[in-house]
Amino acid sequence: MHAALAPRWLGFYVLVGLIILFSTLLPYTFPTTANASAILGNESVGMMLAIALLIPVVAGHFDLSVASILTLAMIASIGLFQFFSAPVWVACLAGPVIGAGIGLINGFCVAWLKINSLVATLATGSCALGAALWWTNGSIFAENVPASFRALGERVLGIPLPVVYTLVVCMIAWWTLERTPVGRYLYAIGDNPDAARLVGLPTAGLTTASFVASGTIAGTAGVIQAAILGSGNPQVGASFLLPAFAAVFLGATVFHIGRYNVVGTVVAVLLLAVMVAGLQQFGLPFYIEPLLKGAILLAAVAFTTGRFSGKAQQ
């Protein structure tokens with residue numbers, strides 16, 4: 001089989017095919033710079049959250065707290081302006097620090113207390129969301145937000161700055177997972193934690209580090225979302241969780257088939273975004289998006305589970 005026809009490239013071809021299809025059917029609205037910029041800008045935070053989720057998944061664990069970390073980081077950043085008139089750099093730093101702290105708790109619970117990652121991160125995520133709701137009392141923070149902070153979520157030369165931040169995060173994550181020993185160790189732990197422990201890998205430390213990295217990225221995503229909106233809304237974060245899971249699992253069917261990877265996750269986010277944007281421009285109802293992403297998540301999980309089971313039996 002020719003290399004260009006290998007199954008690993010199918011996701012790329014589907015993405016290109018969708019772009020061509022919608023550009024042909026919607027020539028006046030879809031193939032425009034404004035539409036491309038809107039799609040990339042709208043998906044930048046979601047893509048960053050997907051990368052946050054990807055890192056512990058590589059190590060064999062799930063982090064259900066990432067969406068709540070995003071919410072709390074967003075509330076903390078705007079709350080520092082509204083109640084304490086904090087400098088911009090303090091508000092920007094608050095999100096990653098909060099995320100790293102929650103990630104450390106997640107890692108301790110999973111790696112040292114041996115609590116199932118789904119249970120541990122569901123609990124910490126609930127606590128983070130509870131803290132955000134307690135502070136806001138369910139309302140939106142939007143006062144005293146400086147223009148210099150809001151500028152972090154705007155465009156420069158037509159390029160949304162959140163896209164640039166996300167690109168940097170994706171490149172760092174790709175380099176770490178694909179080009180460093182740490183990345184190889186995380187994949188080894190995800191493939192077989194007992195074997196990784198027997199060969200001397202510090203599985204507990206690496207697992208904890210994966211959750212800290214996940215929380216830090218999710219907290220950063222929260223700050224970026226706050227800059228985009230210019231406010232802190234405690235109801236925003238939950239909508240990011242399902243698309244992030246869908247992208248991570250769908251990404252395992254792209255590029256490195258049967259293996260969670262950064263490139264596949266990025267392609268999956270773009271594929272879902274293009275599909276949803278095109279269908280919405282056709283006038284399909286708003287509820288199509290969650291239905292579509294849920295169906296794709298089920299299909300992707302079924303595929304990757306089958307691939308991993310096949311590996312284990314070989």
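What you are looking at is a predicted structure, and each value in this text was computed from that prediction instead of being measured.
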Any side-chain heavy-atom pair of Val274 and Phe30 under 4.5 Å: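 Heavy-atom side-chain distance check passes, below 4.5 Å.
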Indicate yes or no for a side-chain donor-acceptor contact from [X] to the backbone of [Y] under 3.5 Å, with no hydrogens or angles considered.
X: Ser214; Y: Ala52; result: yes
X: Asn261; Y: Gly251; result: yes
X: Ser37; Y: Ala34; result: no
X: Gln82; Y: Glu143; result: yes
X: Thr208; Y: Ala204; result: yes

Can you get from [X] to [Y] by hopping between Ile, Leu, Val, Met, Phe, Trp and Tyr side chains that sit under 4.5 Å apart?
X: Val164; Y: Met48; result: no
X: Leu291; Y: Phe249; result: yes
X: Leu161; Y: Met47; result: yes
X: Leu279; Y: Tyr28; result: no

Who else is in the cluster with Ile105 when I, L, V, M, F, W and Y are joined by side-chain contacts under 4.5 Å?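 The other cluster members (ILVMFWY side chains, heavy atoms under 4.5 Å, direct or chained): none.
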Shortest non-hydrogen contact from [X] toward [Y]:
X: Ile51; Y: Cys170; value: CG1-SG, 3.9 Å
X: Val254; Y: Gly11; value: CG2-CA, 3.9 Å
X: Pro290; Y: Leu242; value: O-CD2, 4.2 Å
X: Leu70; Y: Gly237; value: CD2-CA, 3.9 Å
X: Ala100; Y: Thr216; value: CB-OG1, 3.3 Å
X: Cys92; Y: Leu152; value: SG-CD1, 3.6 Å

Under 6.0 Å between the ring centres of Phe141 and Phe81?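 Distance test on ring centres: not under 6.0 Å, no.
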Nearest-0.5 Å distance, CD1 of residue Ile140 to CG of residue Asn233: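 Going from the CD1 atom of Ile140 to the CG atom of Asn233 covers 4.0 Å.
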Nearest 0.5 Å, please: how far is CG in Leu118 from CZ in Phe62?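 Here the interatomic distance stands at 6.5 Å.
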Residue pair Thr124, Asn106: steps toward the side-chain hydrogen bond (donor to acceptor under 3.5 Å, both in side chains) verdict: CA-CA 7 Å; Thr124 57; Asn106 287 336; 2.5 Å; yes
What ring pair (Phe, Tyr, Trp, His ring centres under 6.0 Å) pairs are there with at least one residue in residues 187-240, not counting sequence neighbours?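 Those involving residues 187-240 are His61-Phe211.
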Side chain to side chain contact (heavy atoms under 4.5 Å, CB included), paired with Pro96, selected from Ile217, Thr220, Ile69: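 Result for side chain to side chain contact (heavy atoms under 4.5 Å, CB included) with Pro96: Thr220.
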